> 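Please see the structure below; I have some questions.
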Amino acid sequence: MEGYLDAFIAFIRAERGLSGKTVDAYAADLTAYFEDLRARGVLDAARAKQEDVTAHLMQLGAKGLSKRSQARHLAAVRGFHRFLIAEKHAEKDPTEDLDTPRAARKLPSFLTLEEVEQLLAAPDERHPTGMRDKAMLELLYATGLRVSELCSLGINDVQLGAGYLIAKGKGSKERIVPVGSIASEKVQAYLGGPRQHLLGKRQSRSLFITPRGGAFTRQGFWKLLKRYALKAGIRKPISPHKLRHSFATHLVERGADLRAVQAMLGHADLATTQIYTHVNSARLRAVYDEHHPRSETAAPPRPKRRKPGA
């Protein structure tokens, strides 16, 4: 089995261009797989059957490995067996009919409308940096952009008169995202003087810049957001992505079409966007449990006051 492993590792390193860490992880996963095969009396990996692979995954689960880690192990085992078939060392892939273990997706964390309002009100617009920060926060919540997309915006990417911007997403894919009137107003105010004040005599194609004239970075925005959250009295953990979740959640709660939200977020798969319908359902359930008279957690009805003299 070690001879097969050496050949497979050489293959994925040379032909598939995987990183050194990924190659090492595959090697470790397959070594553990071979140990389980030997324990089951299988001394030739090319003769492994589906029940052998299933037993290996069950063993991983018994050791406490997460679904994500189990899925990575299966990817290594599946790639290995497909390699054996391609090299004529085996005739059948024992992983062919196995489903990849899927971890339960956590519901995204988001801000309430009140928390968003408090956050957006935090920057001091009497100063150029405050007007820049206000424009950035308003634009991020108004569009649901990723922080990398926000920081990479250029002057020509924002068409405020037409009410949209062009975001450059993952894989350099561009998409058109509508911009609300309030965010447009704040960005326009920033462009009307504060931006050039920050630039001085310098020039830049970036929309949001630092006092040194450089483009704003993700790390810089992260620090800025945490500072304003603290000022706004928001004690829960916060991140730029939480504003993106808030944007999508608030739209879905108000009946926005899911495919429209998908397009604005730049999700390749609608299933990714559907997580926000689960958030909505969870909130509806919480409201029901709190207020419905037949719910176990609902507060008891208040006793009626007696009228004087009754």
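None of these values were measured; they are calculated from a predicted model. Side chains included, hydrogens not; waters and symmetry mates left out as well; all remaining heavy atoms used.
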> Got a salt bridge between R40 and E51, using NZ or NE/NH1/NH2 to carboxylate O under 4.0 Å?
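Answer for the salt bridge query: no.
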
> Taking the side chain as every heavy atom from C-beta outward, state whether M131 and K186 have any atom pair closer than 4.5 Å.
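No. Closest side-chain heavy atoms not under 4.5 Å.
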
> Are more than 12 heavy atoms, taken from residues, nucleotides or ligands other than R227, located less than 6.0 Å from that residue's CZ atom?
yes

> Going from OG1 on T210 to CG on L199, what distance comes out if it is rounded to the nearest 0.5 angstrom?
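T210 OG1 to L199 CG: 8.5 Å, rounded to 0.5 Å.
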
> Which heavy atom in L30 sits nearest to a heavy atom in A76, and how many Å separate them?
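Taking every non-hydrogen atom into account, CD2-O, 3.7 Å.
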
> Taking the side chain from Q159 and the backbone from G163, do they hold a donor-acceptor pair closer than 3.5 Å?
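Here the side-chain-to-backbone pair does not exist.
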
> Look at the side-chain heavy atoms of Ile, Leu, Val, Met, Phe, Trp and Tyr, link any pair under 4.5 Å apart, and say whether L265 and Y164 land in one connected group.
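The answer is no; the residues belong to distinct hydrophobic clusters.
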
> Is I166 linked to L191 within one hydrophobic cluster, defined over Ile, Leu, Val, Met, Phe, Trp and Tyr using a side-chain heavy-atom separation of less than 4.5 Å?
no

> Please evaluate residues L225 and L243 with respect to the criterion side-chain contact (heavy atoms from CB on, under 4.5 Å), reporting the C-alpha separation (whole Å), side-chain torsions for both, the decisive distance (0.1 Å), and the verdict.
CA-CA 10 Å; L225 180 62; L243 271 182; 4.3 Å; yes

> Does the pair K92/E96 count as a salt bridge with the N-to-O cut at 4.0 Å?
no

> Starting at CG of L150, measure out to CG of L137 and round the result to the nearest 0.5 Å.
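Between atom CG of L150 and atom CG of L137 there are 9.0 Å.
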
> Nearest 0.5 angstrom please: N156 CG to L165 CG, how far?
13.0 Å

> Any chance you could lay out the side-chain contact (heavy atoms from CB on, under 4.5 Å) test for D257 and V261, step after step, and finish with the verdict?
CA-CA 6 Å; D257 178 74; V261 177; over 6 Å; no

> Verify whether one side chain among S69 and S66 offers a donor that lies under 3.5 Å from an acceptor in the other.
yes

> Between L160 and E185, does the side-chain contact (heavy atoms from CB on, under 4.5 Å) criterion hold? Intermediate values first, please.
CA-CA 8 Å; L160 298 176; E185 176 187 327; over 6 Å; no

> What pair of heavy atoms forms the shortest contact from Q262 to A268, and how long is it?
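Looks like NE2-O, 3.6 Å.
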
> Surrounding CD1 of I155 (heavy atoms of other residues, nucleotides or ligands, distance under 6.0 Å), is the total greater than 12?
yes

> D93 and salt bridge (charged side-chain N to carboxylate O under 4.0 Å, His left out): which partner among K49, R78, R82?
R82

> Report yes or no: do K168 and S152 form a side-chain donor-acceptor pair below 3.5 Å?
no

> Tell me whether E125 contacts the main-chain N or O of K134 through its side chain, where contact means a donor paired with an acceptor under 3.5 Å.
no

> Decide if atom NE2 of H127 counts as having more than 12 heavy atoms of other residues, nucleotides or ligands within a radius under 6.0 Å.
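More than 12 heavy atoms, drawn from other residues, nucleotides or ligands, come within 6.0 Å of this atom.
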
> Do the charged groups of E149 and R175 touch, with an N to O distance under 4.0 Å?
yes

> Taking the side chain as every heavy atom from C-beta outward, state whether K226 and S239 have any atom pair closer than 4.5 Å.
no

> Quick check: do M264 and P178 have side-chain heavy atoms less than 4.5 Å from each other?
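The answer is yes, as the side chains (C-beta and beyond) meet within the 4.5 Å cut-off.
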
> Checking ring-ring contact (aromatic ring centres under 6.0 Å, His included) for the pair F80/F34: CA distance, chi angles, key distance, verdict?
CA-CA 11 Å; F80 172 72; F34 294 158; 5.4 Å; yes

> With a 4.5 Å cut-off on side-chain heavy atoms, are F110 and Y276 touching?
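No, too far: nothing below the 4.5 Å cut-off.
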
> Can you check whether G154's main-chain N or O pairs, donor with acceptor, with D157's side chain at less than 3.5 Å?
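Side chain of D157 to backbone of G154: a pair is present.
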
> Does the R202 side chain pair with the main chain of L198, one donor and one acceptor, at a distance under 3.5 Å?
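Such a contact is found between R202 side chain and L198 backbone.
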
> Students often mix this up, so state it plainly: with edges at 30° and 60°, are the rings of H89 and Y4 parallel, tilted or perpendicular?
tilted

> Could you check whether any side-chain heavy atom of T217 comes within less than 4.5 Å of a side-chain heavy atom of C151, counting everything from C-beta outward?
no

> Measure the OG-CZ distance between S204 and R212 for me, rounded to the nearest 0.5 Å.
15.0 Å

> So R244 and R146, do their side chains get closer than 4.5 Å, heavy atoms only?
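Yes, close enough: below the 4.5 Å cut-off.
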
> For K223, does the NZ atom have more than 12 heavy-atom neighbours from other residues, nucleotides or ligands under 6.0 Å away?
no

> Applying the 4.5 Å side-chain criterion to the ILVMFWY set and letting contacts propagate, would V252 and L270 be lumped into a single cluster?
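V252 clusters together with L270.
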
> One pair to check against side-chain contact (heavy atoms from CB on, under 4.5 Å): F221 and M136. What are the steps and the verdict?
CA-CA 9 Å; F221 183 80; M136 293 183 78; 3.4 Å; yes

> Could you grab the distance from atom CG of L113 to atom OH of Y141, nearest 0.5 Å is fine?
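That separation rounds to 5.0 Å.
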
> With a 4.0 Å cut-off, would you call R38 and E35 a salt bridge?
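No, this pair does not count.
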
> Please name the pair of heavy atoms, one in A183 and one in A142, separated by the smallest distance, quoted to 0.1 Å.
CB-CB, 3.6 Å

> So that I know where these two stand, are F208 and Y190 an aromatic pair - ring centroids less than 6.0 Å apart?
yes

> Is D269 reaching over with its side chain to a backbone N or O of T272, donor-acceptor style, under 3.5 angstrom?
no

> Could you tell me which non-hydrogen atom of Q274 sits nearest to which non-hydrogen atom of L258, and how far apart they are?
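Distance-wise, the nearest heavy atoms are CG-CD2, 3.4 Å.
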
> Any sub-3.5 Å donor-acceptor pair from R72's side-chain atoms to R68's backbone N or O?
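It does not hold such a pair.
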
> When you measure from the side chain of E138 to the backbone of A135, do you find a donor-acceptor pair of N or O atoms at a distance under 3.5 Å?
no

> Taking the side chain as everything from C-beta on, heavy atoms only, tell me whether I234 gets closer than 4.5 Å to L119.
yes

> Between R13 (side chain) and V23 (backbone), is there a donor-acceptor pair under 3.5 Å?
no

> Using atom types as modelled and distance alone, determine if a side-chain donor or acceptor of K242 lies under 3.5 Å from a backbone N or O of P237.
yes

> Run the salt-bridge test on D124 and R126 with the 4.0 Å N-O cut-off and return the result as yes or no.
yes

> To the nearest 0.5 Å, how far apart are CZ in F247 and CG in L111?
14.0 Å

> Check whether any side-chain heavy atom of D44 sits under 4.5 Å from a side-chain heavy atom of L37, and report yes or no.
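Sidechains of L37 and D44: no contact.
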
> Is it the case that H81 and T95 place a side-chain donor and acceptor less than 3.5 Å from each other?
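There is no such pair (donor and acceptor under 3.5 Å, judged by atom type) between the side chains of H81 and T95.
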
> Between the side chain of H197 and the main-chain N/O of G193, is any donor-acceptor distance below 3.5 Å?
no

> Any idea which heavy atoms bring P123 and G130 closest together, and the distance?
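Shortest heavy-atom separation between P123 and G130 comes out as CB-O, 3.5 Å.
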
> Looking only at heavy atoms, which two atoms of V177 and A167 are closest? And how far apart?
CG2-CB, 4.3 Å

